[in-house]
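Written out below as structure tokens is the structure these notes cover.
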Amino acid sequence: MKILGIETSCDETAASVVEDGVKILSNVVVSQIDIFAEYGGVIPEVAARSHLEAMMPVIDKALADAGCSWDDIDAIAVTHAPGLLGSLLIGTLTARTLAILHDKPLYAVHHLKSHVYANWLVETRVLTEPIFSDARLEFSSTSYAGRPGKTAPRGSFLGAVRNIRVENSNHVMHPKKQVSATRVPTFPLLALVVSGGHTQILYMPGHNRFEIVGTTRDDAVGECFDKVAKILGLPYPGGPAIAAATEGHPILLGHAQGRSAKPTVLERQDDLQPGNPNRYPLPHPKIYGLDFSFSGLKTAVLRAVQKEVGVPISYPSHKLKELLSEQQVCDFAASFQKTAVDILVEKLKKAMEQFPDTKSIVVAGGVSANKTLRDALSNAYFPAPSLSGDNGAMVAAACYYEIQSGVKPVDPYKLNIYPRIDIAQH
Ligand code: KG4
Ligand code: ZN
């Protein structure tokens, strides 16, 4: 069974063809990161407009890469919840139209379910050659990033187009990777979902069955990475920028370049050490049970930075970066990352005590790309790093297991979107 998975819940336009829930035949991801790095965060209307421009070329490329025509596709799966309203609309309206046009069954998938099912995709060698380059992909639109008349500059939206082609033939895989590819999580399992919008622990007694056993009471952990990065003068998205800074490679914004400058990867200086995770001790929130809280950690970093540079708490947070040395940025990044990872691991251990029948731990969502988290949970399942962030392959994988569990297709004339809905109510 070949499923076309479509994902547009936030700032990635993605489509993929997956066979039988595990085998990736194509995986095309167009990221809008370069646009939003300029602004320091996602602007929903701009994201929706960019999805509209990229959607059909991305789907066409996913079919072409997989060597499929519409006749080969058995079903279409699309993210319809949760996410940004305008972004979800573009993906779902496209999927609905294609399902009607090509007479295919349409399935509506919850975004967190997709992230979890990225762990069932076969780990494969990933080629990251930029296949959409220069003039080969031309968008007819006369506007760029919501600004009429402005065309995409090089290195921006079009330049940011990433095409990830995944080859699945065994002979290209590293022998070690082949072993892990055949390992699949066993039930019952606990899933730690860590993304820009969610931080949850889910209990899964079997395929397509989810119980939320812990959730954040305020910010998501990815959001916390993004906000702390902003305080430190690191670009959006904050996760990868903080991870780079902890290794002594700060991608600094605004030190010499001004607030809206594009991120610049600075040469690592000889006297710059990797971040010291113990330099700035940060508190763990005191939340009973399996719930999380990350807004206090963000404030704790803010207060620690203000104290370190000797300014009062009323000092504007966006100006702090001008007072921090690069070494201080790296040390704050490392101290924050260590605390955030410790908090996640602590709660997961508590969840395992509460659910002693747990056979596997699965980690999912954008933050699952984090190396410190991967090192801390060496026995857990993680998606291949290229599948940690938003992509269409995980949507197709989740859909496959929904079909196996007896879920029926939705009416393409009626499918709705749900920007905020829990996985358990879905
Ligand atoms: O799952 P995702 O791509 O989108 C949502 O569904 O939200 O997650 C995006 C989040 C962002 O907050 C980003 O900063 C974070 O994942 N992230 C990371 C890393 N890579 C991405 N956080 C920590 N370490 C990383 N390496
Ligand atoms: Zn996501």
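For ligands, and for the atoms within them, numbers begin at 1 and follow the listed sequence. None of these values were measured; they are calculated from a predicted model.
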Plane angle bin for H207 and Y117 - parallel if under 30°, tilted between 30 and 60°, otherwise perpendicular
parallel

Parallel, tilted or perpendicular: which one describes the rings of Y39 and F36, with boundaries at 30° and 60°?
tilted

Just by modelled atom types, is the G91 backbone N or O under 3.5 Å from a matching donor or acceptor in the T8 side chain?
yes

Atoms of ligand 1 less than 4.0 Å from H111 heavy atoms?
6 (O)

Is the closest heavy-atom distance from P240 to ligand 1 below 4.0 Å?
yes

Below 3.5 Å, N or O to N or O, backbone or side chain included: is there any such pair between E12 and ligand 1?
no

If I take every N, O or S atom of H111, is at least one of them less than 2.8 Å from the Zn ion (ligand 2)?
yes

As an exercise, identify every atom of ligand 1 less than 4.0 angstrom from a heavy atom of F225.
23 (C)

Under 3.5 Å: N/O of G366 near N/O of ligand 1:
yes

If the cut-off is 4.0 Å to any non-hydrogen atom of G222, which atoms of ligand 1 fall inside it?
12 (O)

A243 versus ligand 1: do any nitrogen or oxygen atoms come within less than 3.5 Å of each other?
no

One pair to check against side chain to side chain contact (heavy atoms under 4.5 Å, CB included): F332 and E308. What are the steps and the verdict?
CA-CA 10 Å; F332 269 114; E308 178 74 2; 4.0 Å; yes

Do any nitrogen or oxygen atoms of H115 lie less than 3.5 angstrom from nitrogen or oxygen atoms of ligand 1?
yes

Which N, O or S atom name in H115 marks its closest approach to the Zn ion (ligand 2)?
NE2

Take atom CE of M352 as the centre, draw a 6.0 Å sphere, and report whether it contains more than 12 heavy atoms from other residues, nucleotides or ligands.
no

With a 3.5 Å distance limit and no angle check, can you tell me whether S26 reaches the backbone of A62 through a side-chain donor-acceptor pair?
yes

Measuring from the heavy atoms of Q337, does anything fall under 4.0 Å of ligand 1?
no

What atoms of ligand 1 come closer than 4.0 angstrom to any heavy atom of G197?
7 (O)

Using only N, O or S atoms, tell me which atom of D390 is closest to the Zn ion (ligand 2).
OD1

Start with the C-alpha gap between K113 and E402, add the side-chain angles, then the distance that decides, and say whether salt bridge (Lys or Arg N to Asp or Glu O under 4.0 Å) holds.
CA-CA 10 Å; K113 195 185 282 189; E402 280 195 348; 2.7 Å; yes

Please determine, by modelled atom types, if H284 and E346 share a side-chain donor-acceptor pair under 3.5 angstrom.
yes

Of V194, V42, D226, which has the heavy atom at the shortest distance from atom 14 (O) of ligand 1?
D226

Taking atom 7 (O) of ligand 1 as the point of reference, which of G196, G239, A229 owns the nearest heavy atom?
G196

Atoms of ligand 1 close to G238 [distance to a heavy atom under 4.0 angstrom, numbered from 1]:
14 (O)

Counting heavy atoms only, which of N391, V367, L373 is nearest atom 15 (C) of ligand 1?
V367

Distance-only donor-acceptor check, side chains D219 and S295, under 3.5 Å
no

Plane angle bin for W120 and F187 - parallel if under 30°, tilted between 30 and 60°, otherwise perpendicular
parallel

